[in-house]
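Read the structure below first, then the notes.
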Amino acid sequence: MEPILIALATQLTNLISSTSQEYVSAKLQQAKSTKDLAKAEPIYDELINQLLNDKQEAIRVASQYREQLDKTFLPDTDIEYLENTFAKLVDLFQEDNDEEQSEADSDNDTKNKKKSILDAKTAEQITSLINTETLKSMQLLGFDFKKALGAPVTEGVRKLIENKFEDINKTSSNSQQNQNTHIPDVYVYRANIYKEIEQGEKIVYVLKIPAYGIFKVRSESITDLQVRAVNALGFLLYQNGWSIENSDFTDETQDDPEAYAHTLLTIDVNYSRTYYGVPEKA
């Protein structure tokens with residue numbers, strides 16, 4: 001199973017256990033037993049905040065599951081459309097043998113003959129994959145169409161354009177290669193949430209990520225806290241030249257037993273790099 005799906009499953013399990021019927025009943029009973037509205041109010045506030053936070057978390061987990069499924073499974077309408085159009089795309093990567101052979105003969109130098117990205121047999125094999133029955137069967141076995149064909153086609157189009165504008169693309173290709181080292185899409189970190197009471201008995205929540213020792217974010221709302229944390233972490237990574245720590249979501253020792261709550265923080269690094277950019281070298 002993909003690491004991101006494991007992380008999402010862990011978050012979903014934690015989400016279900018954090019607001020179980022027993023938890024809600026216990027909080028309500030605790031509030032009623034105080035028989036003091038002033039003491040019961042913080043308990044109700046805590047319960048409401050937790051329920052709202054879990055609702056937002058459930059929406060986020062569901063949307064990420066949907067995103068992961070969309071990367072793998074194609075609907076019937078998309079498959080049918082590909083059946084009708086994919087062959088035209090593959091044709092772009094095949095060599096026009098007659099034309100190129102003529103050019104090679106006229107130059108008396110076969111070394112100058114251009115090399116095609118796909119030969120005719122390979123092109124035919126790839127095209128034969130694109131039919132409804134075959135793709136459905138392969139998807140049930142875990143076939144990722146976008147990785148297997150989408151990514152190579154993207155690279156093929158890039159090469160096709162680069163061949164046409166080779167001189168222009170040499171400089172930009174080298175520059176892009178230097179700036180964009182491979183970074184996994186998603187990192188998941190364990191985070192500890194602490195509850196602090198400031199002057200005037202105002203409750204403030206503080207989120208800390210053990211993987212980044214100096215990192216912490218404050219907010220009066222747990223829901224707002226995690227949104228702020230993701231944005232702040234993206235900016236911190238930008239400031240530090242995208243020096244990224246490995247995901248630690250499987251390391252339960254990062255959970256502080258003295259913390260008010262624990263959570264998993266997910267950051268899409270490639271999205272953050274697009275948003276913040278790459279800092280210029282001094």
Side-chain angles (χ1 to χ4, degrees), residues 1 3-31 34 39 41-61 64 184-240 242-269 272:
M1 186 181 290
I4 181 59
L5 293 179
I6 296 174
L8 290 171
T10 302
Q11 291 179 59
L12 187 58
T13 301
N14 293 339
L15 184 62
I16 293 171
S17 61
S18 67
T19 51
S20 62
Q21 182 178 353
E22 292 80 4
Y23 170 83
V24 175
S25 298
K27 283 295 179 183
L28 292 174
Q29 186 62 37
Q30 181 185 356
T34 62
K39 293 181 179 179
E41 186 175 353
I43 299 174
Y44 285 125
D45 286 342
E46 179 185 333
L47 177 57
I48 292 171
N49 284 335
Q50 182 65 39
L51 291 172
L52 289 173
N53 176 59
D54 287 350
K55 177 184 176 181
Q56 294 298 321
E57 185 72 0
I59 293 173
R60 187 185 64 78
V61 171
Q64 288 195 329
D185 291 339
V186 177
Y187 284 78
V188 183
Y189 299 105
R190 287 188 175 268
N192 297 310
I193 299 176
Y194 301 88
K195 184 178 179 181
E196 297 181 357
I197 301 178
E198 297 185 339
Q199 291 183 351
E201 297 187 351
K202 182 173 71 173
I203 298 175
V204 176
Y205 300 96
V206 180
L207 183 145
K208 298 181 180 180
I209 303 176
Y212 297 89
I214 62 173
F215 179 87
K216 67 178 180 179
V217 178
R218 301 167 65 87
S219 177
E220 295 179 19
S221 163
I222 290 182
T223 303
D224 178 62
L225 185 70
Q226 297 200 45
V227 175
R228 288 190 180 187
V230 170
N231 291 333
L233 181 56
F235 186 67
L236 174 68
L237 295 174
Y238 163 77
Q239 289 180 312
N240 289 277
W242 299 103
S243 177
I244 300 169
E245 299 295 334
N246 292 328
S247 294
D248 64 355
F249 63 87
T250 59
D251 185 4
E252 295 183 0
T253 63
Q254 300 295 327
D255 289 345
D256 184 354
E258 296 183 2
Y260 169 73
H262 310 104
T263 188
L264 291 172
L265 202 66
T266 303
I267 180 168
D268 187 327
V269 177
S272 296

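Keep in mind that the numbers below use all heavy atoms, side chains included, and drop hydrogens, waters and symmetry copies. Remember, predicted model here, so these are calculated numbers, not experimental data.
Between the side chain of Tyr189 and the backbone N or O of Glu245, at least one donor-acceptor pair lies under 3.5 Å. A distance-only check finds no donor-acceptor pair linking the side chain of Ser247 to the backbone of Phe249 [under 3.5 Å]. Using a distance-only test at 3.5 Å, with no hydrogens or angles considered, a donor-acceptor pair links the side chain of His262 to the main chain of Asp256.
A 4.5 Å side-chain heavy-atom check between Ile209 and Leu233 finds at least one atom pair inside the cut-off. A heavy-atom distance below 4.5 Å is found between the side chains of Ile267 and Leu237. Looking at Ile222 and Tyr260, their side chains come closer than 4.5 Å, going by heavy atoms from C-beta outward. For the pair Val206/Lys208, a side-chain contact is recorded, criterion being any heavy-atom separation below 4.5 Å from C-beta on.
Shown here are the side chain to side chain contact (heavy atoms under 4.5 Å, CB included) partners of Thr250, two or more places apart in sequence or in another chain: there are none. Residues meeting the ring-ring contact (aromatic ring centres under 6.0 Å, His included) test with Tyr194, sequence neighbours left out: none. Thr266 meets the side chain to side chain donor-acceptor pair (under 3.5 Å) test with Gln11; sequence neighbours excluded. Residues passing the side chain to side chain donor-acceptor pair (under 3.5 Å) test with Ser272: none are found, sequence neighbours excluded. Under the side chain to side chain donor-acceptor pair (under 3.5 Å) criterion, Gln254 pairs with Asp251, not counting sequence neighbours. By the ring-ring contact (aromatic ring centres under 6.0 Å, His included) test, Phe215 is found to be paired with no residue, residues two or more places apart in sequence or in another chain being considered. Residues satisfying the side chain to side chain contact (heavy atoms under 4.5 Å, CB included) test with Ala261, not counting sequence neighbours, are Ile193.
Within the structure, salt bridge (Lys or Arg N to Asp or Glu O under 4.0 Å) pairs that include any residue of residues 224-238 comprise Asp224-Arg228 (at least two apart or interchain). Residues in residues 188-203 take part in these salt bridge (Lys or Arg N to Asp or Glu O under 4.0 Å) pairs, two or more places apart or across chains: Glu46-Lys195, Arg190-Asp255, Glu196-Arg218, Glu198-Lys202, Glu198-Arg218, Lys202-Glu220.
A distance of 8.5 Å separates CG of Asp248 from CG of Leu264, quoted to the nearest 0.5 Å. How far NZ of Lys216 is from CG of Asn192: 13.5 Å, rounded to the nearest 0.5 Å. Expressed to the nearest 0.5 Å, how far CD1 of Ile197 lies from CD1 of Ile203 amounts to 5.5 Å. From Tyr238, atom OH reaches atom CG of Asn240 across 11.5 Å, with rounding to the nearest 0.5 Å.
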Requested in this report: Apply the test side-chain contact (heavy atoms from CB on, under 4.5 Å) to residues Tyr205 and Asn49: give CA-CA distance (whole Å), side-chain angles for both, the deciding distance (0.1 Å), then the verdict.
Outcome: CA-CA 11 Å; Tyr205 300 96; Asn49 284 335; 4.1 Å; yes
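Nearest heavy atom pair, residue Ala229 against residue Leu265, reads CB-CD2, 3.8 Å. When all heavy atoms are compared, the tightest approach of Val188 to Val186 is CG2-CG1, 4.1 Å.
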